[in-house]
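A quick write-up on the structure given underneath.
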Amino acid sequence: MEDIEDLVVGGGGGGVAPGFRLPFTSVGLNPKQQRPHPHKKSEPNPGIPGTQTIYMKTFGCSHNQSDSEYMAGQLSTFGYTLIDKPEEADLWLINTCTVKSPSQSAMDTLILRCKSAGKPLVVAGCVPQGSRDLKELEGVSIVGVQQIDRVVEVVEETLKGHEVRLLNRKTLPALDLPKVRKNKFIEILPINVGCLGACTYCKTKHARGHLGSYSVNSLVERVKAVIADGVKEIWLSSEDTGAYGRDIGASLPVLLKEIVAVLPPDRSTMLRVGMTNPPYILEHLKEIAKVLSHPCVYSFLHVPVQSGSDSVLTAMNREYTVNEFKIVVDTLSQLVPEMQIATDVICGFPGETDEDFAQTLSLIKEHQFPQLVPHSLLNHNRLILTLGLLTSSSATAGSHTTSSSLCTTSSAASTSSNLPCTSLHTLNNSSAVAALGLAVLRLSLPLPASSSTPP
């Protein structure tokens, strides 16, 4: 299907004719409502927008989580009630992730459940934006990644029985939209969307698009506002924080310096810098190191290497070499006290040889990434059990590694511990087994004597 902006695809039983275009002025309007009696619970009226209940499910990265919090904020402001029980909800809203197959498979299952239950459904996120023609998305409303500020009107029209698809790209959604945080003490702040890369394996680029950065001033003002709200942690999020500002004449070091300047000196609000690819921070390493050494900034950075082989990196179109990755890791480790680096590894990339894979294992051993976060195990249940048993024995022996930090499958959760990790995105069974075998061996080694764990 072509991009259809503002198009109501259809509805049952009369209503608006196909081709009707939603008025732009309907976005974000909060109609005046009479205050309910303090002792009388108001019941949802199917004919009155803003009185229904909504079940929301989020898959994917911290950026996706932030998008969901913004959508939840707008819906709550308009009067909708968010609930945790899908069977009791009047409408389901699923915010999807396209990075890994398990997330998309879970989305497919949830969509089938929703359709079987006869519930109105809105699907948001990277899956519909990057794969709008999926069979699973037939007959459901869609909100594109840059249309989250219009979620209220999409929900309203969907509840009327219409199918709405908003997929066109436009200006970035405002940062000061209403927001309901999953954790009231953590603000996930997107500093840019999209990236400058073109990795051969990555589908996120098709969804999030080319780099689009928020202005330094708008981000600093948002930081001030959330600090005033009582937020204790600010997570800077994007598809590549290192590329920030290259489309608007700014840079990540410039932004970080401005943000650090407004953080409370008593460390009551801490800053965490999100994932960055190696190419775009090589020229700023000393400046980045200075920021990461600040007492209000976690000495942690997620820098994906994906492979320890230059030939595989070339096939991936990663635009850096293994040596350049080492420069990033070694420089930050030398300049930042107690620096912790997280990384990702893709095992079994098409064309990867045994020698290529051996180079990846050598890189992991050389830099001693001590925490393993397996994202996909391809049903290797015995390996899961083995890792769990080793974790338990390590904890009993006094190791810093715990089952919660080891076996989590959420990038946001794993990195929030401020400990390094190696994420294994497994594409090939034999390579996955070899990598996990190394991880099992590594789990017997102690973590560094000290780590900058968030308060």
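Predicted, not measured: the structure shown is a model, and the values here were computed from it. Computed over heavy atoms, backbone and side chain alike; hydrogens, waters and symmetry mates excluded.
Taking the ring-ring contact (aromatic ring centres under 6.0 Å, His included) definition, one finds that Y80 meets it with F78, sequence neighbours left out. Under the rule for a side chain to side chain donor-acceptor pair (under 3.5 Å), the partners of R246 that lie at least two apart in sequence or sit in another chain are E283. Shown here are the side chain to side chain donor-acceptor pair (under 3.5 Å) partners of D67, two or more places apart in sequence or in another chain: R208. Among residues two or more places apart in sequence or in another chain, the side-chain contact (heavy atoms from CB on, under 4.5 Å) test is passed with E138 by K135. Remark: N217 engages S215, E221 in a side-chain contact (heavy atoms from CB on, under 4.5 Å) (not counting sequence neighbours).
Salt bridge status for E287 with K290: absent, with no side-chain N to carboxylate O gap under 4.0 Å. A salt bridge does not link D229 to K184: none of the charged side-chain nitrogens sits closer than 4.0 Å to a carboxylate oxygen. With respect to K179 and E69, a salt bridge is recorded, a charged nitrogen being found less than 4.0 Å from a carboxylate O.
Looking at D356 and S309, their side chains do bring a donor and an acceptor atom within 3.5 Å of each other. Side-chain contact annotation: R318 with Y201, donor-acceptor N/O pair under 3.5 Å present.
A distance-only check finds no donor-acceptor pair linking the side chain of R267 to the backbone of C296 [under 3.5 Å]. D247 places a side-chain N or O within donor-acceptor distance of the main-chain N or O of S213, the cut-off being under 3.5 Å. With T269 contributing its side chain and E233 its backbone, the two residues share no donor-acceptor pair below 3.5 Å. For N277 (side chain) and P304 (main-chain N/O), no donor-acceptor pair under 3.5 Å exists by modelled atom type. At distances below 3.5 Å, not a single donor-acceptor pair connects side-chain atoms of S362 with backbone N or O atoms of A358.
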(message) Assess the residue pair E324 and K326 against the criterion (salt bridge (Lys or Arg N to Asp or Glu O under 4.0 Å)); give the C-alpha distance rounded to whole Å, side-chain angles, the decisive distance to 0.1 Å, and a yes or no.
(response) CA-CA 5 Å; E324 287 172 330; K326 290 181 179 181; over 6 Å; no
Kindly list each side-chain donor-acceptor pair under 3.5 angstrom involving residues 255-264, sequence neighbours excluded, with atom names and distances?
none

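Counted within 6.0 Å of CG on D266, heavy atoms from surrounding residues, nucleotides or ligands total more than 12; the atom is thus considered enclosed.
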